[in-house]
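Residue numbers count from 1 along this sequence.
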Amino acid sequence: MKKYKFLLFDLDGTITDSEEGILNCVRYGLTSCGFPVPDYDTLKAFIGPPLVVSYQEICGLSYEDTEAAILKYRERYSEKGIFENRLYDGISELLFDLKNSGYKIALATSKPEIFARRILDHFGIAEAFDAVAGSSINREDETKADMICLAMERLGLAEENKREVLMIGDRKHDILGAKECDVDVAGVQYGYAPEGELMKYGADIIAESVAALRAFLIF
């Protein structure tokens, strides 16, 4: 079995079950700007990708309307939505056990970094991470690949370290971003990916549960 030394974790759908807060804020962003709200199954696709992508691709908003919806989304998220959230069972223990096993761990999320850090602090898991990489509050064009590369940079990794890196996430954007950065990727089936998405996009490893992820990473 291949031995990794550096683990990059996605946040929403991998560490936290954030559906309630995200969808409430998506709805708020749409209604505040006068746009119709899609049904629940459609809204679920918002969890994971950058908001600037989702508002345009899922709801058909223009770039200008997307910017307005994101502004309202963040208005609610920063005060209330950020805490409509919970850790997946066993993930906190796994993160600290991985750190104690010698892994270097970074967060690589499309969520604005200022919010991501608040969430890690809120749940008492910030100390498990050696680096945090999230998007800028002032930019909407950053991709998941950008966040993965930023996480590796903040861990101080060189080109030759890439074979020792494993990205861990729950959606196709994590897989595609990892492939763009030329690192392996584990998809977690307990997150928000539709059935078959992780296999379709070529995850190197698929973990059905937090326990399965633990079994793979801790020998």
Side-chain angles (χ1 to χ4, degrees), residues 1-19 44-45 47-50 86-111 116 119-120 123 125 128-134 143-219:
M1 184 177 291
K2 186 171 181 177
K3 177 70 171 178
Y4 299 100
K5 295 181 180 178
F6 308 98
L7 304 177
L8 314 182
F9 277 85
D10 174 47
L11 183 57
D12 297 324
T14 303
I15 293 174
T16 63
D17 179 358
S18 52
E19 177 180 311
K44 281 188 71 176
I47 305 171
R86 71 173 187 88
L87 291 177
Y88 284 108
D89 291 343
I91 197 70
S92 176
E93 294 85 353
L94 175 59
L95 288 168
F96 283 104
D97 286 348
L98 291 170
K99 186 175 181 67
N100 291 334
S101 296
Y103 287 102
K104 295 293 184 182
I105 304 173
L107 189 74
T109 177
S110 294
K111 188 181 296 296
I119 290 167
L120 297 184
F123 287 117
I125 56 174
F129 292 88
D130 299 285
V132 174
T143 66
K144 193 55 182 268
D146 291 329
M147 297 303 99
I148 292 170
C149 289
L150 179 60
M152 291 192 291
E153 179 184 323
R154 289 183 175 174
L155 284 174
L157 305 188
E159 187 70 23
E160 58 267 23
N161 297 122
K162 284 186 174 182
R163 66 184 184 277
E164 301 171 319
V165 175
L166 182 68
M167 175 66 202
I168 301 164
D170 72 308
R171 293 300 311 276
K172 65 182 181 182
H173 305 84
D174 301 301
I175 299 170
L176 294 173
K179 289 181 180 298
E180 187 174 336
C181 296
D182 197 27
V183 299
D184 286 355
V185 55
V188 295
Q189 195 66 65
Y190 59 82
Y192 300 119
E195 185 68 30
E197 181 178 280
L198 300 176
M199 183 175 293
K200 176 182 176 181
Y201 285 88
D204 298 292
I205 303 145
I206 296 179
E208 298 291 331
S209 62
V210 174
L213 188 61
R214 169 183 286 276
F216 177 77
L217 293 172
I218 297 182
F219 308 101

In this structure, CD1 of I119 is separated from CG of D12 (nearest 0.5 Å) by 6.5 Å
Value for CD1 (I148) from CD (E180), rounded to nearest 0.5 Å, stands at 8.5 Å
Mind checking whether I168 and F216 have side chains closer than 4.5 Å, heavy atoms only?
no
Under 4.5 Å between any side-chain heavy atoms of K5 and K104, yes or no?
no
- Message: Which label fits Y192 and Y88: parallel for a plane angle under 30°, tilted from 30 to 60°, or perpendicular past 60°?
- Response: tilted
- With side chains defined as the heavy atoms from C-beta onward, is the minimum distance between L166 and L217 less than 4.5 Å? yes
- Does D174 reach the side chain of K144, with side-chain heavy atoms less than 4.5 Å apart? yes
Shortest non-hydrogen pair, H173 vs P49, comes out as CE1-CG, 3.1 Å
Shortest non-hydrogen pair, L95 vs A128, comes out as CB-CB, 3.9 Å
In this structure, CD1 of I125 is separated from CZ of F9 (nearest 0.5 Å) by 9.5 Å
Shortest non-hydrogen pair, M167 vs A108, comes out as CE-O, 3.9 Å
With sequence neighbours left out, the residues meeting side chain to side chain contact (heavy atoms under 4.5 Å, CB included) with K99 are I105, D130
The reported gap from CG in D204 to CG in L198 (rounded to nearest 0.5 angstrom) is 11.5 Å
The side chain to side chain donor-acceptor pair (under 3.5 Å) partners of D97 (sequence neighbours excluded) come to R214
Interatomic distance, CG@L176 vs CZ@R171, rounded to 0.5 Å, equals 10.5 Å
In terms of heavy-atom contacts, A178 and V185 come closest through CB-CB, 3.7 Å
Contacts of N161 meeting side chain to side chain contact (heavy atoms under 4.5 Å, CB included) (sequence neighbours excluded), chain-then-number -> F6, L157, A158, E164
Correct closest heavy-atom pair for E197 and A193 would be OE2-CB, 3.7 Å
**Item:** Close side-chain approach of Y190 to D170, heavy-atom, < 4.5 Å
**Value:** no
Original post:
Under a 4.5 Å cut-off applied to non-hydrogen side-chain atoms, are M152 and C181 in contact?
Top reply: yes
Rounded to the nearest 0.5 Å, the CZ atom of R163 sits from the CG atom of D184 at a distance of 12.0 Å
Of all heavy-atom pairs linking S110 and P50, the shortest is OG-CG, 4.0 Å
### Query
Considering only heavy atoms from C-beta outward, does the side chain of T109 approach that of T14 to under 4.5 Å?
no
So do D10 and I15 actually touch side chain to side chain, heavy atoms under 4.5 Å?
no
